[in-house]
There are 4 protein chains.
Amino acid sequence: MARGINKVILVGNLGQDPEVKYMPSGNAVTNVTLATSDTWKDKQTGQPQERTEWHRVVFFNRLAEIAGEYLRKGSKIYVEGSLRTRKWQDQSGQDRYTTEIVASEMQMLDGRGGDSNMGGQQGGYANQDPMGYGQPAQQASRPAPQQSRPQNQAPAQQQPQPAAGFDDFDDDIPF
Amino acid sequence: MARGINKVILVGNLGQDPEVKYMPSGNAVTNVTLATSDTWKDKQTGQPQERTEWHRVVFFNRLAEIAGEYLRKGSKIYVEGSLRTRKWQDQSGQDRYTTEIVASEMQMLDGRGGDSNMGGQQGGYANQDPMGYGQPAQQASRPAPQQSRPQNQAPAQQQPQPAAGFDDFDDDIPF
Amino acid sequence: MARGINKVILVGNLGQDPEVKYMPSGNAVTNVTLATSDTWKDKQTGQPQERTEWHRVVFFNRLAEIAGEYLRKGSKIYVEGSLRTRKWQDQSGQDRYTTEIVASEMQMLDGRGGDSNMGGQQGGYANQDPMGYGQPAQQASRPAPQQSRPQNQAPAQQQPQPAAGFDDFDDDIPF
Amino acid sequence: MARGINKVILVGNLGQDPEVKYMPSGNAVTNVTLATSDTWKDKQTGQPQERTEWHRVVFFNRLAEIAGEYLRKGSKIYVEGSLRTRKWQDQSGQDRYTTEIVASEMQMLDGRGGDSNMGGQQGGYANQDPMGYGQPAQQASRPAPQQSRPQNQAPAQQQPQPAAGFDDFDDDIPF
DNA sequence: TTTT
DNA sequence: TTTT
C-alpha cells in the first residue's frame, strides 16, 4: 500500500555487466548502473553538449535473476521502479546517502546481450526464455559474459563467495 | 533532446516551506522536500509498518517562483521531472553526491496552502490563480505568506540576501 | 507478463458517482469517468481556451469496491492503468470500439468524498480507512452513501439487481 | 497549462509503415498504430495466452516528420503523450468516437528501420540524423520503404495527393 | 497489422 | 562506465 506516488521510468543502457549478490535467504539482489543522456546545443557557441546521468538500479528476487542472466554491459532496458535513499556509513563513520531506483518492472529492449565483443570462451545461456514469453528460443549458443561471479542457476553452490547480507551490499562509493 | 528516458513522477507532501534562492541571473531556484510513504504489514508479526521516503525536488525559473509563492509545508503536489545526481565537496573536501528530481511540471493537489498550523494572523490565499487558470486574475494585492525570504516579485531588490550561485545552493547535508 | 509498455497516468475529477456492477463470479467492476483539462491562450485572440478530456476508467475487484465506496462525483484521484480498446456491437449490429483505462492503482487526492451537494442527511465518512492505511479501523458502522446500487459488502444478496455479465457492462454509448 | 494529468507511456512496435499527411498549413500529421501485448497462462488449462492491444498514435509537426521518415512497420519505439478522444461522423451520420495518443515525445529503440524485408529498389534516407544526435551516421544506403506517399522532404510538391484537412484525417474506421 |  |  502506498501513500503518495513514487515512480521512476527509465530507458537507458547498462554501464557494466550486472552485479549479482545473494542474501542469506538465498534471494538475489542485482545492481546495475544505467545511463541516460541529454544533448543540447550551447546557446552561446552553438556547440553540441551532452550530459550523461548515471542511475543506480537495484533488482530483487526474480527480476534480479533475470537481470543477472540476461543483461550485459551496453544492454538497453526499460525500468520502472521507485526511489529509495539508503543511509550508510563510510570508512570514517560518517553518514552518507545513496539514492537508488528499486525496480519493479524491467524489459529488455534489444535482443542481443549488449556487449558483443566479449570473447568466446564460455558456457552459454542457450535455450532460455528470460521474460517468460513463448517457447524456448532456438538460439544455439549465446556467449556468456566474462564474469567471476557465481552462476545464478546454482545459487546454492555459490557458497565460497560469501553471501552478501542485505545491508552490506552497498560499498562506500555511490556507484 | 534526450537519449534514453529519465522520468520521475511523484505525488506527495512538502516537509517544509519551500526554500527559494536566486541565481546571479535573477532566475529563481526553489528546493522542497517531498514525502511519499509505503505502508505494509509485517509478515511475521502482522504489525502495520510504514516507511517514508523523502525526495529532494528542485524547481527552476517560473516553476520555482510558483512553488515559492504557493507551496507550503504540508502542500500536496504532483511533480514530474528527471533525476540528476550532483557532485559536491563536504567540509573536509570529500566528494559527495546528492540525487534530486529536477521538476519539469508541478500541480498543486489541494487548494489550501497545506500547513494549517501557521497561526491565524494572516489573510489566507484568496484571489489567487497560481497556475494560470481561470479569470484574468484581478488580484490587486496578493497577501504574502509568512516568510523571511525575499519576495519573489522583486528579485532585483533581494540583494542583501546574498544571491546564491548555481553551484552553492547545495549545503553539506543531503536534505 | 508484458511485451511492451502500456501505461496511463491520470489525475482528474470524477464526472459522476461511480457505477458499480457485479460479475456472475461476484467480482466487482466499477466504471467512472474522469476529467482532465487543458487550458491555453488562443494565439490570435489571446482568449483563454479550455478543452476537457473525459476518460473512461474501469476498476476491478478490490479497487472496484474501494472506488464504489469512497469515490463520488467530483472526487480527485490519481489513477494508473493500461489502455484497452473493447469491441462491441451497437443496436444496429455495427462494430464499435471503446477505449478505457483499466486501473491498476488508484489514490484519492482529497479527503472529502468530493460531491458536496449530496444532501445533508447522512453522517459523513468518519472512521474510514479506504486504502488500508493506519490502524485497524474501529468502524462499527460505515454510513452508506446515497445509492441505489447494491451494497458491496454483500454482493451475494444483490440478486434482485441482475448481475451484469462481464461482456454486457458496456452500454451502447462510449461513456 | 494543464489541470489534471493526462499521460500515456507506450513501448511497442509499429503495425505498419507510418501514414504521413499534411495540413493546409503545411504541418505534418503522422498516424501509426502501435502494438503492446500481454501474455499470461490460463489458470485452468495452463495454456499460454496472449492479448495484443493496438494503440492509435498521432504525431504532429516535427515529430510527425521524424516519424514519417524513420519509422517503419515493426519499428520499436517509446512514446509519451496524452489521450484525446475525437468525435466524428460515420457514413450514416452517426456520432462515433476514436481515442488516440497524441505524442509529445518519441524515441526509436532500434537502430534498424524495422521492416528489413522490403527489397532494395528505392532511393534511401541515408546520412540522416533523425533525433538530432551526433554527426550524420556513416550508413551508406538505407533502403527506403515501399510507399506511395509523398516524400516528406518536399511537402510543397506533394500537391497531387490532396492535402488532408485537419479534421478529415480520420477515416470511418477506428484504425 | 507488430513483436518474441 | 553506456549509447548514437
Side-chain angles (χ1 to χ4, degrees), chain A residues 10-19 31-39 48 50-57 70-77 79 107-117 128-139 173-175, chain B residues 1-6 85, chain C residues 1-6 85, chain D residues 10-19 31-39 48 50-57 70-77 79 107-117 128-139 173-175:
Chain A
L10 301 174
V11 174
N13 299 282
L14 268 72
Q16 312 104 296
D17 283 0
E19 290 175 24
N31 288 278
V32 306
T33 53
L34 204 63
T36 58
S37 58
D38 274 297
T39 62
E50 173 159 359
R51 175 183 158 86
T52 294
E53 193 68 41
W54 287 98
H55 308 275
R56 185 179 182 119
V57 177
Y70 295 97
L71 302 186
R72 292 296 167 259
K73 178 180 173 182
S75 297
K76 183 188 286 297
I77 60 173
V79 168
Q107 286 196 26
M108 293 175 272
L109 299 175
D110 44 15
R112 337 146 268 127
D115 189 357
S116 53
N117 62 351
Q128 297 190 5
D129 182 28
M131 304 300 276
Y133 324 138
Q135 46 270 50
Q138 222 52 23
Q139 56 185 157
I173 45 164
F175 292 166
Chain B
M1 186 84 299
R3 288 287 310 299
I5 299 296
N6 174 359
T85 297
Chain C
M1 186 83 301
R3 287 287 308 300
I5 298 296
N6 173 0
T85 296
Chain D
L10 302 173
V11 174
N13 300 282
L14 267 71
Q16 312 103 300
D17 283 0
E19 291 175 22
N31 288 278
V32 307
T33 53
L34 204 63
T36 58
S37 58
D38 274 297
T39 63
E50 173 159 0
R51 175 182 158 87
T52 295
E53 193 66 41
W54 287 98
H55 308 275
R56 184 180 182 119
V57 177
Y70 295 97
L71 302 185
R72 293 295 167 259
K73 178 180 174 182
S75 297
K76 185 189 285 294
I77 60 173
V79 169
Q107 286 195 28
M108 291 174 273
L109 299 175
D110 46 13
R112 336 145 268 127
D115 189 357
S116 53
N117 62 351
Q128 298 189 5
D129 182 27
M131 305 301 274
Y133 325 137
Q135 45 272 46
Q138 222 50 26
Q139 56 184 158
I173 46 166
F175 292 166

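Only heavy atoms go into these numbers, but all of them, side chains included; no hydrogens, no water, no symmetry mates. Just so it is clear: chains get the letters A, B, ... in the order the sequence lines come, proteins before strands, and each one is counted from 1.
Smallest separation of non-hydrogen atoms from A:Gln107 and C:Arg3: OE1-C, 4.0 Å.
Residues that satisfy the side-chain contact (heavy atoms from CB on, under 4.5 Å) test with D:Glu53, not counting sequence neighbours, are C:Asn6, C:Arg84, C:Thr85, D:Thr36, D:Arg51, D:His55. Every residue meeting the side-chain hydrogen bond (donor to acceptor under 3.5 Å, both in side chains) condition with A:Ser37, not counting sequence neighbours, appears here in chain and number order: A:Glu50.
Across all strands shown, A:Thr36 has no heavy atoms under 4.0 Å from either base or sugar-phosphate atoms.
The interatomic distance linking A:Leu109 (CG) with F:dT4 (P) rounds to 13 Å, in whole Å. The distance between atom CG of A:Leu71 and atom P of F:dT1, rounded to the nearest whole Å, is 20 Å. Rounded to an integer number of Å, the gap from D:Arg56 CZ to E:dT1 P is 17 Å. As rounded to whole Å, 20 Å separates atom P of E:dT1 from atom NZ of D:Lys76. What separates CG of D:Leu34 from C1' of E:dT3 is a distance of 10 Å, to the nearest Å. One can place CZ of D:Arg72 at 16 Å from C1' of E:dT1, the figure rounded to the nearest angstrom. One interatomic measurement links the two molecules: CG of A:Asp110 to C1' of E:dT4, which rounds to 13 Å at whole-angstrom precision. Rounded to whole Å, atom P of E:dT2 lies 19 Å from atom CD of A:Gln107.
Relative to the side chain of D:Ala35, the nucleotides F:dT2, E:dT3, E:dT2 differ in distance, and E:dT2 lies closest. For D:Thr33, whose side chain is taken as the heavy atoms from C-beta onward, the closest listed nucleotide among E:dT1, F:dT3, F:dT2 is E:dT1. Out of F:dT4, E:dT2, F:dT2, the shortest distance to the side chain of A:Asn13 is found at F:dT2. When distances are taken from the side chain of A:Gln16 to each of F:dT2, F:dT1, E:dT2, the shortest belongs to F:dT1.
For the atom pair CG (D:Asp17) and OG (D:Ser75), the distance works out to 8.0 Å, reported to the nearest 0.5 Å.
In this pair, D:Trp54 lays its aromatic ring flat on the base of E:dT1, centres within 5.5 Å and planes under 30 degrees apart.
In this structure, D:Val57 and D:Thr33 have side chains that are not in contact, with every pair of non-hydrogen atoms separated by 4.5 Å or more.
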